[in-house]
6 protein chains.
Amino acid sequence: MTPPELPAIIVEPIVRAALLEDLGRAGDITTDAIVPQDAPPLAATLAARKPGRIAGLGAALTAFRLLDPDVRVEVFRVDGSDVVRGDAIASVTGTMRGVLSAERTALNLLCRLSGIATATYALVAAVRGTRATIACTRKMTPGLRTLEKYAIRVGGGLNHRFGLDDAVLIKDNHIAAVGGIRPAIERARAGVGHLVKIEIEVDTLEQLREVLEVGGADAVLLDNMSPAQMREAVAIAGGRVVLEASGSVTAQTVAEVAATGVDVISSGWLTHSAPALDIGLDFAG
Amino acid sequence: MTPPELPAIIVEPIVRAALLEDLGRAGDITTDAIVPQDAPPLAATLAARKPGRIAGLGAALTAFRLLDPDVRVEVFRVDGSDVVRGDAIASVTGTMRGVLSAERTALNLLCRLSGIATATYALVAAVRGTRATIACTRKMTPGLRTLEKYAIRVGGGLNHRFGLDDAVLIKDNHIAAVGGIRPAIERARAGVGHLVKIEIEVDTLEQLREVLEVGGADAVLLDNMSPAQMREAVAIAGGRVVLEASGSVTAQTVAEVAATGVDVISSGWLTHSAPALDIGLDFAG
Amino acid sequence: MTPPELPAIIVEPIVRAALLEDLGRAGDITTDAIVPQDAPPLAATLAARKPGRIAGLGAALTAFRLLDPDVRVEVFRVDGSDVVRGDAIASVTGTMRGVLSAERTALNLLCRLSGIATATYALVAAVRGTRATIACTRKMTPGLRTLEKYAIRVGGGLNHRFGLDDAVLIKDNHIAAVGGIRPAIERARAGVGHLVKIEIEVDTLEQLREVLEVGGADAVLLDNMSPAQMREAVAIAGGRVVLEASGSVTAQTVAEVAATGVDVISSGWLTHSAPALDIGLDFAG
Amino acid sequence: MTPPELPAIIVEPIVRAALLEDLGRAGDITTDAIVPQDAPPLAATLAARKPGRIAGLGAALTAFRLLDPDVRVEVFRVDGSDVVRGDAIASVTGTMRGVLSAERTALNLLCRLSGIATATYALVAAVRGTRATIACTRKMTPGLRTLEKYAIRVGGGLNHRFGLDDAVLIKDNHIAAVGGIRPAIERARAGVGHLVKIEIEVDTLEQLREVLEVGGADAVLLDNMSPAQMREAVAIAGGRVVLEASGSVTAQTVAEVAATGVDVISSGWLTHSAPALDIGLDFAG
Amino acid sequence: MTPPELPAIIVEPIVRAALLEDLGRAGDITTDAIVPQDAPPLAATLAARKPGRIAGLGAALTAFRLLDPDVRVEVFRVDGSDVVRGDAIASVTGTMRGVLSAERTALNLLCRLSGIATATYALVAAVRGTRATIACTRKMTPGLRTLEKYAIRVGGGLNHRFGLDDAVLIKDNHIAAVGGIRPAIERARAGVGHLVKIEIEVDTLEQLREVLEVGGADAVLLDNMSPAQMREAVAIAGGRVVLEASGSVTAQTVAEVAATGVDVISSGWLTHSAPALDIGLDFAG
Amino acid sequence: MTPPELPAIIVEPIVRAALLEDLGRAGDITTDAIVPQDAPPLAATLAARKPGRIAGLGAALTAFRLLDPDVRVEVFRVDGSDVVRGDAIASVTGTMRGVLSAERTALNLLCRLSGIATATYALVAAVRGTRATIACTRKMTPGLRTLEKYAIRVGGGLNHRFGLDDAVLIKDNHIAAVGGIRPAIERARAGVGHLVKIEIEVDTLEQLREVLEVGGADAVLLDNMSPAQMREAVAIAGGRVVLEASGSVTAQTVAEVAATGVDVISSGWLTHSAPALDIGLDFAG
């Protein structure tokens with residue numbers, strides 16, 4: 001199921017800032033100098049130049065709308081659609097200045113978010129039939145986290161925590177600071193409300209056993225373990241906690257990881273390095 | 001020569017916003033719940049996990065400084081340095097909360113910008129000995145354009161225009177709107193000040209000849225031409241305008257493009273799809 | 001244990017905005033007109049005029065510091081301290097303009113947040129010895145949620161979700177929209193990541209039984225139930241989910257509610273109606 | 001007479017920020033996960049659960065409108081209306097997501113502002129027939145001063161100064177800094193424009209006499225005087241200045257204070273401690 | 001007496017925004033490209049090129065400090081000083097980039113504000129010996145009102161109201177809307193607090209008489225009256241209200257206006273059309 | 001040709017901020033207190049009180065629209081029109097509060113920008129028939145640069161660089177820092193992209209000759225040269241670079257400067273000291 005679009009109150013300010021960044025202090029000086037005031041409306045089509053999954057169409061269309069409130073929009077492929085090269089995604093018809101000045105901002109958003117959704121979906125498809133879900137990380141573009149988390153969902157993935165404040169993730173340094181896994185989990189449990197989950201990162205199966213013995217953790221992050229270790233971790237955990245596999249997962253290795261029986265496979269690559277999806281704006285005529 | 005760092009007045013607000021995005025409404029709840037108030041300072045080292053070129057260290061260190069004004073920093077490799085796997089880039093020693101809470105934001109910025117600088121430098125190295133310089137485009141991350149343009153410079157590239165307002169770039173639609181290359185250039189020339197350059201995009205050598213005949217353009221963008229066409233374009237232009245090659249340039253093809261004699265080779269891939277450079281934060285002990 | 005203070009990067013912008021709201025377009029015109037430029041420094045003491053628990057001292061002192069960076073501060077009672085009438089909380093010595101102009105903003109923050117901590121602690125004390133913890137709600141002051149959630153923690157309470165995005169809380173309308181408790185929980189579980197908890201609101205014990213049968217919920221909110229019903233709910237749940245009692249809890253009734261065996265008692269009154277704690281600024285001499 | 005509503009240009013940014021604070025980085029994840037895209041519109045009614053005076057309906061309805069621009073609104077009781085338990089105040093019909101996501105923000109604003117108006121009106125009613133008006137202070141919620149000052153007016157009160165910059169209020173420290181009441185008033189008069197009023201705080205009738213003798217003050221604040229002292233102050237002043245009674249005024253004591261003949265009775269309690277008015281959102285069916 | 005400087009919390013954000021407006025998306029590209037990283041510090045002196053009164057030096061120096069926190073500053077002539085051509089106002093010594101990049105922003109602020117102070121002082125000097133004070137209007141530069149109002153004070157003038165919200169000014173349309181001067185003043189008096197002054201604009205002496213008869217106004221604005229009319233107005237008012245002369249007052253005519261006995265002479269020209277004071281930055285060597 | 005209007009996305013935030021600056025914390029208290037809720041709409045006309053050229057009408061009308069979305073507007077004279085005293089520029093009909101509260105902000109913007117356009121056009125007219133164009137500088141009002149640059153274009157002038165980042169302007173200090181004109185130009189050329197122009201400031205003809213010999217500069221700024229020197233500079237340059245005359249150009253001297261054959265004449269006076277154009281708002285009836 002495609003997730004609902006983000007509310008406009010969240011998306012619009014991001015798009016507005018992106019447009020202003022591009023318009024700078026004088027706006028589109030090329031169009032201003034050349035295009036006559038009475039130029040006819042311009043029609044253009046967002047079209048895929050490579051296969052992939054669309055995400056961020058709402059943001060892209062907002063760019064056109066912010067520069068031309070009367071732009072006419074027709075959507076052919078909503079977010080979550082899988083397109084092939086040449087597919088028309090949406091068309092816009094508006095003032096020449098509005099369409100031309102918004103083009104780059106619209107594409108910058110749409111190509112990036114679609115790239116993330118495409119990469120996510122590739123992993124999701126690769127693990128189909130296993131119990132594993134694909135999750136993102138916090139390795140995201142500063143300023144775009146909300147949009148990128150959304151693109152992960154559009155790709156069929158699920159979101160890891162949004163920031164430092166909505167879930168507990170206990171790491172080496174936390175454990176060391178307080179002298180062990182038990183006090184770390186206990187202090188975490190005592191310090192946060194009843195709607196906050198606790199995950200703890202482990203490097204060894206020994207640590208996993210200790211976590212299970214202590215109890216109180218909702219999930220365990222298996223850091224850079226081999227598939228063999230993960231399989232053993234699954235056996236050890238026996239469903240008592242959610243197991244998350246983390247490390248350098250790629251489209252090549254993800255199926256093998258999923259086959260170990262872990263519940264969640266997270267990948268930072270999806271947002272820090274996935275290539276943009278190639279989408280262009282074609283003009284009629 | 002490494003370009004000067006961006007002034008703090010530009011960088012700090014971006015880092016501040018990135019930190020706030022990660023801290024959310026409650027801050028680092030894991031550290032808050034677990035780490036004792038009197039925990040000892042934490043020392044950590046930014047270290048390369050892959051070879052590449054460093055860019056954005058100033059932004060990364062700003063993240064630590066904003067959460068711990070007294071953090072002690074030692075820099076081993078400034079922006080523009082080329083590192084190999086394992087190289088220490090800088091060390092930070094500060095409060096445990098400060099260091100742990102800033103870690104992800106610092107790395108998100110440093111890895112992304114270093115990824116861009118690394119990719120840029122790969123192209124720059126590949127065209128060494130030719131007259132060609134490597135340039136970026138406006139296919140950039142919304143909100144980070146200033147930082148990404150800077151990373152291009154650190155990689156040895158030069159910046160294309162920053163936005164729609166600091167140079168004229170005449171495209172198909174502008175030409176069509178006004179009925180030809182001549183009126184487009186003339187209107188542009190008449191409409192902008194004496195410190196604005198004019199570039200025009202052409203698809204054919206025929207168009208290039210017309211541009212040269214009309215005069216008034218400072219640069220011509222050769223859109224998706226073959227190396228053979230580019231070579232001919234260089235001959236036709238005879239140094240009268242700057243020639244920019246644009247299209248799907250890759251590390252594999254860039255040398256061939258440069259060999260045609262064009263002046264500038266621009267690549268959107270550098271900023272929309274270059275992978276992040278893998279840099280981690282290692283903790284002492 | 002007193003929770004760690006919020007990071008300055010979160011607190012300072014709120015205090016800054018509060019000061020600017022009070023300074024308006026011309027600053028403190030009274031002090032400007034009357035006090036000579038060479039007036040001696042002013043010393044003043046934040047003192048409790050009523051008993052209660054202190055919260056927000058960091059924000060209050062930030063107000064003085066923002067108007068006089070060289071202000072000298074001495075803290076006698078940190079956040080989480082319980083004071084009686086007359087207790088000195090902290091002293092400030094700075095420029096006359098700085099101290100006088102910051103006074104009201106500092107007190108507005110300190111009195112409000114201490115009022116919340118005081119009210120919270122009253123409930124916490126009343127349920128001591130039971131398994132119940134005290135939690136807040138989202139009935140908070142627009143713009144101050146982060147600070148108010150912090151004050152709840154200082155009072156010994158725990159935070160409910162911070163907003164609409166960090167935990168699932170299924171209510172009547174959600175259940176109705178999808179035709180039942182089972183599909184509601186199932187859709188929620190499928191739609192959110194592994195670090196998001198799910199709570200569901202029920203009006204009847206019948207609904208509670210259905211929730212338990214369906215499984216997948218981490219917590220159940222018992223809406224406006226009588227103590228007798230709550231006691232039965234505790235028996236029914238048998239520790240399989242966290243039970244939250246919600247409704248018009250007061251200092252008078254909270255002990256009775258806690259005695260039912262529920263895990264969490266939440267109160268909106270703590271933030272929407274708790275009176276400010278009376279704290280004043282006393283000047284030396 | 002009910003005061004005019006604040007202009008939207010002032011109110012909307014506050015409501016927008018409040019919504020974004022609640023929506024966080026992912027929006028209403030409960031509704032997003034559960035409610036089908038084609039769910040029917042939701043109708044709901046803002047209804048009083050306690051008697052009181054309504055203030056802030058415009059802000060509350062703005063919350064719904066910002067999340068669903070097409071929401072249909074019907075207003076039954078405008079700001080300034082006095083309601084009894086059960087009274088319908090307004091109805092909204094809109095998208096399920098819009099209505100559910102805006103609910104808490106709308107109520108947070110409406111209940112708080114109505115609480116202030118209700119408390120204010122209680123004092124206003126208690127002094128009816130005397131010459132006294134009820135005024136607020138600057139003991140207000142940071143960030144909401146404009147709205148809270150408005151709620152005071154809706155309650156029938158009048159506003160004290162808005163901040164440090166729109167009127168002079170001379171206090172002890174100012175007098176001490178310059179060596180007496182006379183130089184304080186004279187310097188104030190010389191330092192501000194002809195549209196700024198001057199009030200001075202006095203603790204004793206002696207000081208009041210000195211103020212009157214010096215002249216130049218528009219108002220005198222009688223700080224924590226007994227009714228007997230106030231009555232004497234009224235006699236001494238003989239109408240030459242406005243007299244403001246300040247101190248711990250309550251609904252119980254205000255009539256006695258008003259009976260002394262003072263012109264203005266100010267109360268910080270109205271905004272720092274008045275309880276919210278209980279208003280809920282009822283859903284049809 | 002020179003008025004106290006505006007607090008940094010008000011001034012700094014304005015200067016910061018001005019610098020960012022000038023630095024744009026890439027900073028000072030000239031200095032970055034040319035000046036070596038190890039260039040020696042640069043010393044420069046703000047010097048008057050025309051006689052006038054200095055205002056805004058704090059804002060100007062803030063510009064240098066924001067780009068070079070370690071800049072050394074020496075002040076020779078504080079705000080309110082009257083300088084002649086060639087006078088050194090202050091010197092700055094800092095990094096070459098800091099000094100050169102801040103130069104224009106510093107001068108833009110200093111020249112404009114000094115221009116206003118100079119023009120104001122010219123009027124103030126021209127009316128010396130009369131009872132008239134010089135006041136500004138709301139005909140000010142959007143975004144700079146706080147600074148410009150300050151410059152008026154530095155010039156020896158007094159501020160008219162700061163905006164629409166801190167004093168009542170009744171004009172023709174208000175009177176017409178409510179059917180006469182009496183109801184207008186009465187409604188104003190009833191609608192605002194005891195610290196708000198009321199001024200009313202009149203075109204004729206007839207209207208002035210009516211205002212006095214009605215009572216309740218603190219000041220009367222005589223709109224575009226001749227000196228003869230003003231003199232008569234002064235006689236009619238007999239000191240019962242403050243009289244403000246408004247219209248096209250110039251340095252040539254202001255003495256004649258002042259001689260009529262009015263209390264306040266206001267001039268919009270001081271802020272909308274006064275020329276900047278010519279101040280430059282001289283470099284050593 | 002009149003330049004296209006700036007896009008609303010740039011203009012509206014400036015106008016919005018200007019309105020909020022004027023409305024302050026309580027809005028238009030005069031109108032609120034006096035004008036009945038059911039007052040009839042108010043019609044008013046923006047009318048020239050002096051001859052000049054209109055610029056900024058869009059910004060002015062935006063002010064009315066932001067306070068009354070339903071205001072009806074009729075435009076008689078668009079930006080770039082030359083008006084005489086008494087000419088109606090546009091009419092607005094809206095709520096009394098909307099029209100009265102927006103009046104001052106609308107006029108502040110319109111009068112200032114029209115003043116700049118008027119002053120610019122005076123110079124443009126004075127050099128008609130020569131090759132010279134009129135340009136502005138960066139001596140602009142902080143916060144209004146985009147609008148003021150636009151007003152220059154409306155006046156028939158062309159824009160100099162917008163900030164420190166969109167063109168290179170080499171001055172004395174840059175040359176001194178690097179030891180000569182040649183290295184300065186060479187470093188500049190190497191350090192910036194192919195769409196950035198380079199201008200260099202010279203004080204003597206000797207320096208001009210050196211610049212030409214070095215090559216690489218697009219323009220040369222002749223700083224404070226006499227007409228005789230400029231004429232010689234034109235002869236020396238022989239069309240190889242753009243020559244800009246800068247210094248104290250006035251309407252009196254500009255024709256003589258233009259007659260020297262320079263290409264560009266720049267004037268800071270246009271934006272730092274040009275008087276506002278007198279435009280008023282006339283009310284019907």
Side-chain angles (χ1 to χ4, degrees), chain E residues 14-15 17-18 21-36 39 42 96 100-101 104-105 107-109 111-112 115 138-145 162-166 168-174 176-178 184 187-188 190-192 196 269 272-273 275-276 283 285, chain F residues 14-15 17-18 21-36 39 42 96 100-101 104-105 107-109 111-112 115 138-145 162-166 168-174 176-178 184 187-188 190-192 196 269 272-273 275-276 283 285:
Chain E
I14 301 172
V15 182
E21 187 184 41
D22 201 26
L23 290 167
R25 283 163 301 203
D28 184 346
I29 60 172
T30 306
T31 303
D32 284 357
I34 298 175
V35 177
L42 190 60
M96 190 168 289
L100 291 180
S101 300
R104 177 56 29 226
T105 297
L107 289 175
N108 281 352
L109 287 161
C111 297
R112 169 177 300 267
R138 281 165 48 244
K139 297 181 178 176
M140 296 209 157
T141 311
L144 299 183
R145 190 171 295 184
F162 267 78
L164 290 161
D165 64 329
D166 58 330
V168 168
L169 182 45
I170 304 172
K171 299 193 178 185
D172 285 5
N173 286 292
H174 300 110
V178 75
R187 288 171 75 108
V192 299
V196 175
W269 182 87
H272 68 58
S273 296
F283 296 93
Chain F
I14 301 172
V15 182
E21 187 184 40
D22 201 26
L23 290 167
R25 283 165 301 206
D28 185 345
I29 60 173
T30 306
T31 303
D32 285 356
I34 298 174
V35 176
L42 189 60
M96 190 168 288
L100 291 180
S101 299
R104 178 53 33 222
T105 297
L107 289 175
N108 281 352
L109 287 160
C111 296
R112 169 177 302 268
R138 280 167 47 244
K139 297 182 178 176
M140 296 209 156
T141 311
L144 298 184
R145 190 171 296 183
F162 268 79
L164 291 162
D165 65 327
D166 57 332
V168 168
L169 182 46
I170 303 173
K171 299 194 179 184
D172 285 3
N173 286 292
H174 300 110
V178 77
R187 289 172 74 108
V192 300
V196 175
W269 182 86
H272 68 58
S273 296
F283 296 92

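Letters go in sequence order (proteins before strands), and every chain restarts at 1.
In terms of heavy-atom pairs under 4.5 Å with chain E, the best-connected choice from Lys171(F), His174(F), Met96(F), His272(F) is His174(F). Your options are Ile170(E), Thr141(E), Val35(E), and the one with the most heavy-atom pairs under 4.5 Å with chain F is Thr141(E). Ranked by non-hydrogen atom pairs under 4.5 Å with chain F, the options Ala188(E), Ala190(E), Ala18(E) are led by Ala188(E). The greatest number of non-hydrogen atom pairs below 4.5 Å with chain F, out of Gly191(E), Ser101(E), Gly143(E), is found for Gly143(E). Annotation: maximal heavy-atom pairing with chain F below 4.5 Å, among Val178(E), Val192(E), Ile34(E), occurs at Ile34(E). If you tally non-hydrogen atom pairs under 4.5 Å between each of Asp172(F), Leu109(F), Leu144(F) and chain E, the highest count goes to Leu144(F). Among the candidates Cys111(E), Gly27(E), Gly163(E), Ala26(E), the residue making the largest number of heavy-atom pairs closer than 4.5 Å to chain F is Gly27(E).
In this structure a side-chain-to-backbone donor-acceptor pair under 3.5 Å is present from Arg145(E) to Phe162(E).
With a 4.5 Å cut-off on non-hydrogen atoms, Ala184(F) touches chain E through its backbone and its side chain both. Heavy atoms closer than 4.5 Å to chain F are found nowhere in Leu107(E), neither backbone nor side chain. For Arg112(E), the part sitting under 4.5 Å from any heavy atom of chain F is the side chain, from C-beta outward, and nothing else. In this structure, no portion of Ile14(F) lies under 4.5 Å from any heavy atom of chain E. For chain F, no part of Ala39(E) is nearby; none of its heavy atoms comes within less than 4.5 Å. With a 4.5 Å cut-off on non-hydrogen atoms, Val196(E) touches chain F through its side chain but not through its backbone. For Thr105(E), no part sits under 4.5 Å from any heavy atom of chain F, backbone or side chain.
Glu21(F) CD to Asn108(F) CG: the interatomic distance, rounded to the nearest 0.5 Å, is 9.0 Å. With rounding to the nearest 0.5 angstrom, the CZ atom of Arg25(F) is 6.5 Å from the CG atom of Asp165(E).
A salt bridge is absent between Asp22(E) and Arg104(E): the closest approach of a Lys/Arg side-chain nitrogen to an acidic carboxylate oxygen does not fall below 4.0 angstrom.
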task: Tell me, with the steps shown, if Phe283(E) and Asn173(F) meet side-chain contact (heavy atoms from CB on, under 4.5 Å).
output: CA-CA 8 Å; Phe283(E) 296 93; Asn173(F) 286 292; 3.2 Å; yes

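Heavy-atom minimum distance, Ala276(F) versus Ser273(E): N-OG, 2.9 Å.
Here the side chains of Val168(F) and Ile29(E) are in contact, with some heavy-atom distance below 4.5 Å.
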